[in-house]
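Step one of this worksheet: look at the structure below.
Predicted model only: the values in this text are computed from it and were never measured.
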Amino acid sequence: MARVSQQHLDARRRQILAGAARCVSRNGFHATSMQDILRECGLSAGAVYRYFSGKDELIAAIADEAFSSIRTAFQEAAATTPPPTPDVLLGRVLRRMLVEEVPGGDRQAFARLVVQTWTETLRDERLAAILATGYNGMRQAWAELVHAYRVNGQMEADVEADHVARTLIATAQGFIAQQALFGDVRVEVLEDGLRALMSMRDPKIS
């Protein structure tokens, strides 16, 4: 019997994760069954269970991959000289999440999946641990970016780096929540809004 390549195994895993993401974003976490996911993927139960033990493990894998993608984007930006400003960086990360890598191109459905995953962390300790690890990883990545900004003379040192990190993470989370609740929120809107806020000056300072 021919040996299955790692490339084939990785592609099949991505196929399963994409199918699960579409199901959950469309029907909600609790209304989605493994049978729904099997039908969406077009695969047998044996093929899917070879990779994942059940729905909870699938959702955990989706969340873990999302955080990994975001961390990679931040780390790549931190290695750039000079690093991109927050409006450019957040736009780049959210465009990757909500436009380039969305299964089927449905941005609102994918955003709903993210929000539903956040909600599940309130009852699922495993998912909560993944969220906490991802969140702390993003805080660290942003703190490193703040250091790079300061080295390049782009930001003053009068505010703790973690305070900047948490504020920018909250901005991204709020944008995703808007997309989930209301839809039709273009990434350019966030970029323009941040750029305008970044240009503000205190009129008392000449």
Side-chain angles (χ1 to χ4, degrees), residues 10 12-75 90 93-142 162 165-185 187 190:
D10 291 343
R12 179 57 55 84
R13 186 177 186 274
R14 286 193 298 271
Q15 178 185 353
I16 296 167
L17 288 174
R22 288 193 299 270
C23 280
V24 173
S25 64
R26 185 170 59 240
N27 304 322
F29 186 89
H30 295 289
T32 297
S33 68
M34 281 301 293
Q35 288 301 317
D36 294 329
I37 295 171
L38 295 176
R39 283 193 297 270
E40 185 74 28
C41 297
L43 298 172
S44 67
V48 172
Y49 284 113
R50 176 179 183 179
Y51 296 87
F52 303 100
S53 62
K55 187 172 65 174
D56 286 353
E57 189 171 328
L58 268 166
I59 299 303
I62 292 170
D64 194 39
E65 288 205 348
F67 282 121
S68 177
S69 177
I70 296 170
R71 284 195 301 271
T72 298
F74 286 155
Q75 289 163 356
L90 278 180
V93 172
L94 288 169
R95 192 168 280 109
R96 177 188 292 186
M97 285 183 64
L98 298 176
V99 179
E100 297 171 5
E101 297 184 1
V102 172
D106 190 337
R107 289 181 293 170
Q108 186 173 24
F110 184 75
R112 286 174 175 169
L113 171 65
V114 173
V115 172
Q116 289 171 22
T117 302
W118 291 341
T119 303
E120 281 302 304
T121 64
L122 300 177
R123 73 162 194 90
D124 187 325
E125 291 184 0
R126 178 181 180 182
L127 206 55
I130 291 173
L131 179 65
T133 299
Y135 176 65
N136 290 330
M138 285 190 290
R139 284 172 64 180
Q140 179 62 36
W142 264 113
D162 185 58
R166 293 175 66 176
T167 298
L168 289 167
I169 292 169
T171 301
Q173 290 173 322
F175 182 87
I176 292 171
Q178 283 188 24
Q179 180 67 63
L181 294 171
F182 309 114
D184 194 30
V185 179
V187 176
L190 175 73

Show the nearest heavy-atom pair for residues [X] and [Y], with the distance to one decimal.
X    : Y    : result
R12  : A47  : NH1-CB, 4.3 Å
W142 : A165 : CB-CB, 3.3 Å
I130 : A60  : CD1-CB, 3.5 Å
A180 : V115 : CB-CG2, 3.7 Å
F175 : L94  : CD2-CD1, 3.7 Å
R13  : A61  : NH2-CB, 3.8 Å

Problem - Derivation of the side chain to side chain contact (heavy atoms under 4.5 Å, CB included) call for Q116 and V24 - result: CA-CA 8 Å; Q116 289 171 22; V24 173; 3.4 Å; yes
For the atom pair [atom1] ([X]) and [atom2] ([Y]), what is the distance rounded to the nearest 0.5 Å?
X    : Y    : atom1 : atom2 : answer
L17  : F52  : CG    : CZ    : 4.0 Å
L38  : S33  : CG    : OG    : 8.0 Å
R50  : I16  : CZ    : CD1   : 9.5 Å
T119 : H30  : OG1   : NE2   : 9.0 Å
Y135 : R166 : OH    : CZ    : 4.5 Å
I59  : E120 : CD1   : CD    : 8.0 Å

Practice task
Decide yes or no on side chain to side chain contact (heavy atoms under 4.5 Å, CB included) for M138 and L168, but give the supporting numbers first.
Solution key: CA-CA 10 Å; M138 285 190 290; L168 289 167; over 6 Å; no
Problem - Side chain Q15, main chain C41, donor-acceptor under 3.5 Å - result: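 Side chain of Q15 to backbone of C41, a donor-acceptor pair under 3.5 Å: yes, one is there.
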Handout entry: S53 side chain vs Y49 backbone, donor-acceptor pair below 3.5 Å
Key = no
Exercise for the section: Could you check L113 against R26 for side chain to side chain contact (heavy atoms under 4.5 Å, CB included), going step by step and ending with a plain yes or no? Expected result: CA-CA 8 Å; L113 171 65; R26 185 170 59 240; over 6 Å; no
Handout entry: Candidate pair M34 and L58, rule side chain to side chain contact (heavy atoms under 4.5 Å, CB included), full reasoning
Key = CA-CA 10 Å; M34 281 301 293; L58 268 166; 4.0 Å; yes
Problem - N-O pairing of R139 and D162 below 4.0 Å - result: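 Result for this pair is yes, salt bridge flagged.
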Practice task
Taking the side chain as every heavy atom from C-beta outward, state whether R126 and D56 have any atom pair closer than 4.5 Å.
Solution key: no
Exercise for the section: Would you indicate whether the side-chain heavy atoms of I176 and Q179 approach each other to under 4.5 Å? Expected result: no
Exercise for the section: Could you go through the salt bridge (charged side-chain N to carboxylate O under 4.0 Å, His left out) check for D36 and R39 one step at a time? Expected result: CA-CA 5 Å; D36 294 329; R39 283 193 297 270; 2.5 Å; yes
